[in-house]
Amino acid sequence: MKMIMAVVQDKDSALLSDELVEANVRATKLSSSGGFLRSGNTTFMIGVEDERVEEVLNIIKINCESREQYMTTPVNDLAMSSSMQYPIQVHVGGATVFVLPVESFHRF
Amino acid sequence: MKMIMAVVQDKDSALLSDELVEANVRATKLSSSGGFLRSGNTTFMIGVEDERVEEVLNIIKINCESREQYMTTPVNDLAMSSSMQYPIQVHVGGATVFVLPVESFHRF
Amino acid sequence: MKMIMAVVQDKDSALLSDELVEANVRATKLSSSGGFLRSGNTTFMIGVEDERVEEVLNIIKINCESREQYMTTPVNDLAMSSSMQYPIQVHVGGATVFVLPVESFHRF
Ligand code: NI
Ligand code: NI
Ligand code: NI
């Protein structure tokens, strides 16, 4: 048994939850903030058998990996006396993941 | 020293807190949600000496163990044109517990 | 790599965050309550290379260590029929810190 602590961005949290449920992996979410990742984040505490660690890391990677997105924001261009929209590139997502050894696991 | 991470249902949380204080066991509560247990839950982070792990696991088991309860809910029985109450059986409680090794412990 | 879980008082939380950023140490904050320390507290989850554990423990100690403060509170002294202020000594701060072994660490 291992405990996986994964800090992911809030925007990826719902999808990751769904995919873990789909894979029959049990997790609980801890309210977290700041630090490892910009803006709001959620920490998943996941209990998993040793032989499934790679699979779970892969589910996290697929659903939360840092990626680039184009966002279109209105920009006031004073020189042209008009309002224009420029697409800008932003980083979203990303996950910081710790795999911890577990001495014993119990369900009551 | 071990760190015990115990996810328990909110409804068992206050009682568990009291019993841990009574046993002179130090714990802190992390806000958590979803996952291991249905509905609201709380994660207890407990620091405990090796020789007291079994005792603490037992306190968690006694106060949080999954159990069945009868709940009486009003049911509209259309065939009888009347409102009757049926007792239904529900699962409550339950705890998911990880015992983690600790390399060092400090109080400042 | 080690994971440091540090429970500190809310009042020391902002300063500790700043000092960890300054030292280029990555941390995330978990909402926590009660237990190890009186009143509101925050749990820092910090990922750090083995050779920097002592340095991070020292940053926590310096910024969060339990200390005594004098607080001036108004006291109604009935015998003297007047309102006087007495300085009283209170304990503030304090940190409870666990250093946990990490099996593997990943950034996606
Ligand atoms: Ni899917
Ligand atoms: Ni009792
Ligand atoms: Ni400084």
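These figures come from a predicted structure and were not determined experimentally. We name chains A, B, ... by the order of the sequence lines, and we start the count at 1 in each one.
Ion pairing between B/Asp12 and B/Arg67 holds under the 4.0 Å rule for side-chain N and carboxylate O.
Below 4.5 Å, heavy atoms of chain A meet heavy atoms from B/Leu57, B/Ile60, B/Lys61, all part of residues 53-61 of chain B.
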Exercise for review: Determine, stepwise, if the pair B/Thr43 / A/Leu30 fulfils side-chain contact (heavy atoms from CB on, under 4.5 Å).
Suggested key: CA-CA 8 Å; B/Thr43 298; A/Leu30 304 175; 3.6 Å; yes
Exercise for review: Evaluate the criterion side-chain contact (heavy atoms from CB on, under 4.5 Å) for residue pair A/Val25 and A/Arg52; output intermediate values, then yes/no.
Suggested key: CA-CA 9 Å; A/Val25 172; A/Arg52 296 194 68 194; 3.7 Å; yes
**Study point:** side-chain contact (heavy atoms from CB on, under 4.5 Å) assessment of B/Ser13 paired with B/Phe44
**Key:** CA-CA 9 Å; B/Ser13 169; B/Phe44 282 74; 3.7 Å; yes
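Shown here for B/Met3 and B/Val102, the closest heavy-atom pair between the two residues is N-CG2, 3.3 Å.
For the residue pair A/Lys29 and A/Ser17, a side-chain donor N or O sits within less than 3.5 Å of a side-chain acceptor on the partner.
With a 4.5 angstrom heavy-atom cutoff, B/Met5 touches chain A only via side-chain atoms. The part of A/Leu100 that comes within reach of chain B is its side chain, from C-beta onward, which places non-hydrogen atoms under 4.5 angstrom from that chain. Looking at B/Ser31, the atoms closer than 4.5 Å to chain A (heavy atoms on both sides) sit in the backbone and in the side chain alike.
Qualifying side-chain hydrogen bond (donor to acceptor under 3.5 Å, both in side chains) partners for B/Asp50, counting only residues two or more places apart in sequence or in other chains: B/Lys2.
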